[in-house]
Amino acid sequence: MSKKNGNEALSRRAFLASAATVGASAIAAPAFAQSAIDTLINAPRRGNWDDQFDAKAASRTASAVVSNTPILGPQSVASAQQAIMQYQQIAAAGGWPEVNPGDQRLQLGVSHPAVQALRQRLAITGDLPREAGMSSAFDSYVDGAVKRFQARHGLPSDGVLGEFTLKAMNIPADVRLQQLNTNIVRLQTFPEDLGRRHVMVNIPAAYVEAVEDGSVATRHTAVVGRLSRPTHLVNSKIYEVILNPYWTSPRSIVEKDIMPLMRKDPTYLEKNAIRLIDGKGNEVAPETIDWNGEAPNLMFRQDPGKTNAMASTKINFYNKNGEYMHDTPQQGLFNKLMRFESSGCVRVQNVRDLSNWLLRETPGWNRQQMEQVIATGVNTPVKLAIEVPVYFVYISAWGMPDGIVQFRDDIYQMDGNAELALDTTAGMEQPVQ
């Protein structure tokens with residue numbers, strides 16, 4: 001993935017031809033984007049500033065983007081088709097203007113000529129109500145619209161046009177259309193009936209949905225695999241929740257991470273409560289190993305506890321890659337802009353809520369019982385009475401029945417266009433200075 005400077009203009013590489021063309025949408029399409037701009041221009045003038053942020057405008061902010069409708073379900077393909085039609089019309093009408101504030105930081109309270117292009121951009125995609133009018137003022141209407149846009153693109157909804165918000169905003173309409181066309185093909189591979197109770201992990205969005213009777217029962221922020229160690233796509237079943245798990249290091253982590261750490265600090269294993277176990281179950285002393293040589297053919301097992309890499313919980317599902325979902329002692333990772341840092345397994349925020357939901361149909365287990373066992377620190381595997389289907393998917397663009405269209409960074413570069421990998425994996429979003 002290329003590392004672009006935040007002040008560099010986005011490269012305009014030619015995107016791969018989509019299976020669906022925009023030609024069929026040309027009928028009446030030019031009126032779509034233009035009517036949004038015309039309505040803005042002709043809206044009643046309220047002077048330079050407008051802080052009439054009424055309930056109708058407020059409903060269009062970031063909170064309106066949240067839905068209990070799951071990404072995968074009977075409505076998924078139809079919602080994606082609706083989104084494609086919208087973006088076909090936008091693309092055929094010429095797309096949206098580029099927002100270029102130069103050195104000016106655009107946020108609430110600023111007055112700048114670039115805000116007019118920002119208003120047009122947000123109105124075309126329905127983020128800004130057309131009655132907000134045309135102005136150079138970044139007022140509360142624009143603030144709410146930017147937050148709504150950020151929420152639709154998985155960015156922090158702070159209302160400030162930082163580096164990645166601006167990059168996402170200036171992705172051309174035809175590239176976004178291509179992204180939708182690519183993703184509807186993925187959506188079409190899933191059956192409408194995914195199971196009465198199931199779990200979905202959407203890798204580009206880095207979040208988890210627990211779905212019951214067609215509605216999202218609980219949603220979780222996640223940390224998934226980095227580009228060099230990606231989380232794999234699977235259709236499987238969750239069969240077990242382990243409370244106070246041991247953590248057994250995969251061979252790849254032993255070779256790439258633990259061996260170099262032991263060369264630097266011979267006490268690393270002891271500090272992190274990691275024991276070496278041979279094939280007969282006997283513990284091996286770390287000082288008997290040549291850490292400058294090849295990784296030993298031993299199990300690297302971490303005891304349950306606060307330093308355990310999986311903290312309180314591990315969720316197992318059938319797969320050949322040795323991946324699983326789990327808790328983490330590093331809760332601060334969930335606050336990062338983009339969360340693609342694991343070695344393939346998925347860290348789940350508020351994982352105990354998910355575990356409680358998974359165990360609800362397993363006799364003898366409720367939230368109180370689960371918390372009591374976790375408090376003991378004793379390793380306790382719990383088999384689910386009814387295995388729960390789980391789907392690890394790669395959906396970077398999708399629509400919802402209410403017309404909200406969502407986009408995410410193409411972290412694994414699977415969407416066919418370099419512009420869609422915005423390098424948001426690099427860290428925290430920085431303001432454009």
Side-chain angles (χ1 to χ4, degrees), residues 1-6 8-20 65 71-72 76 79-80 83-84 86-87 90-91 95-96 125 149-156 162-190 200-209 221-234 336-342 344 346 391-400 404-429:
M1 180 180 295
S2 63
K3 298 297 178 185
K4 305 173 188 174
N5 184 284
E8 291 179 345
L10 286 171
S11 62
R12 293 290 182 250
R13 300 184 184 180
F15 63 87
L16 299 180
S18 172
V65 174
I71 292 178
L72 295 182
S76 299
S79 297
I84 287 171
Q86 177 186 347
Y87 277 75
I90 292 173
W96 43 66
T125 48
F149 174 90
Q150 290 171 323
R152 291 196 303 110
H153 291 76
L155 297 166
E163 174 188 352
F164 299 121
T165 299
L166 194 61
K167 284 183 175 183
M169 196 166 284
N170 286 330
I171 294 290
D174 49 10
V175 176
R176 288 302 190 194
L177 174 60
Q178 175 221 351
Q179 189 178 11
L180 284 165
N181 279 322
T182 298
N183 279 272
I184 195 173
V185 175
R186 296 170 184 156
L187 290 169
Q188 289 169 336
T189 64
F190 293 95
M200 184 220 63
V201 180
N202 189 8
I203 295 169
Y207 71 61
V208 179
E209 291 180 348
T221 299
V223 176
V224 299
R226 68 196 74 161
L227 179 60
S228 60
R229 303 185 195 180
T231 298
H232 293 82
L233 306 182
V234 296
K336 299 193 72 173
L337 172 63
M338 289 288 141
R339 302 171 302 280
F340 306 96
E341 298 193 355
S342 83
V346 176
Y391 305 89
F392 279 56
V393 305
Y394 195 92
I395 306 296
S396 65
W398 67 95
M400 300 301 280
I404 301 290
V405 184
Q406 299 257 4
F407 296 99
R408 294 295 185 272
D409 186 4
D410 178 24
I411 173 61
Y412 292 165
Q413 303 174 0
M414 297 175 65
D415 288 348
N417 192 300
E419 288 186 87
L420 296 174
L422 299 179
D423 288 341
T424 48
T425 58
M428 299 302 294
E429 182 172 34

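Side-chain atoms are counted along with the backbone in the values below, which use heavy atoms only and exclude waters and symmetry mates. Just so it is clear, the model here is predicted, and its values are computed rather than measured.
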### Heavy-atom check, side chain of Asn181 versus side chain of Val185, under 4.5 Å
no
### Task
Go through the side-chain N and O atoms of Gln406 and Arg408 and say whether any donor and acceptor fall under 3.5 Å apart.
yes
### Task
Look up atom CZ in Phe164 and atom NE2 in His153, then write down how far apart they are to the nearest 0.5 Å.
14.5 Å
## Note on the structure
Heavy atoms of Ala168 and Leu155 approach each other most closely as CB-CD1, 4.3 Å
### Message
Arg176 and side chain to side chain contact (heavy atoms under 4.5 Å, CB included): which single residue from Val405, Ile171, Ile90 fits?
### Response
Ile171
### Summary
d(Gln178 CD, Ile84 CD1) to nearest 0.5 Å is 11.5 Å
### Message
For a quick test of reading the model, state the closest non-hydrogen atom pair linking Gln413 to Leu227 and the distance between them.
### Response
NE2-CD2, 3.9 Å
### Task
Indicate the atoms forming the closest heavy-atom contact of Trp398 with Leu180, along with that distance.
N-CD2, 4.1 Å
### Query
Donor-acceptor pair, Tyr412 side chain versus Thr231 backbone, under 3.5 Å?
yes
### Task
Determine the minimum heavy-atom distance between Pro204 and Ile411, stating which atoms define it.
CA-CG2, 4.1 Å
### Query
Taking the side chain from Ser79 and the backbone from Ser76, do they hold a donor-acceptor pair closer than 3.5 Å?
no
### Task
Report yes if some heavy atom in the side chain of Ile203 is under 4.5 Å from a heavy atom in the side chain of Val393; otherwise report no.
no
### Message
When you compare the side chain of Phe392 with that of Val346, does any pair of heavy atoms fall below 4.5 Å?
### Response
yes
### Query
Are the side chain of Gln179 and the backbone of Leu420 linked by a donor-acceptor contact shorter than 3.5 Å?
no
#### Entry: Pair Asp410, Tyr394: side-chain N/O donor-acceptor within cut-off below 3.5 Å
yes
### Task
Please step through ring pair (Phe, Tyr, Trp, His ring centres under 6.0 Å) for the pair Phe407 and Tyr87, ending with a clear verdict.
CA-CA 12 Å; Phe407 296 99; Tyr87 277 75; 5.5 Å; yes
### Query
Taking atom CE of Met200 and atom CD1 of Ile395, what is their separation to the nearest 0.5 Å?
8.5 Å
### Donor-acceptor contact present, side-chain Glu209 to main-chain Ile71, <3.5 Å
yes
### Task
State whether Lys167 and Asp409 are salt-bridged, where the test is any N-O pair (Lys NZ or Arg NE/NH1/NH2 against Asp/Glu carboxylate O) under 4.0 Å.
no
## Note on the structure
For Ala222 and Val208 the tightest heavy-atom approach is CB-CG2, 4.0 Å
### Message
Evaluate Asp415 against Ser396 for side-chain hydrogen bond (donor to acceptor under 3.5 Å, both in side chains), listing each step before the verdict.
### Response
CA-CA 8 Å; Asp415 288 348; Ser396 65; 2.4 Å; yes
### Summary
All heavy atoms of Arg186 vs all of Thr189, minimum pair found to be O-OG1, 2.6 Å
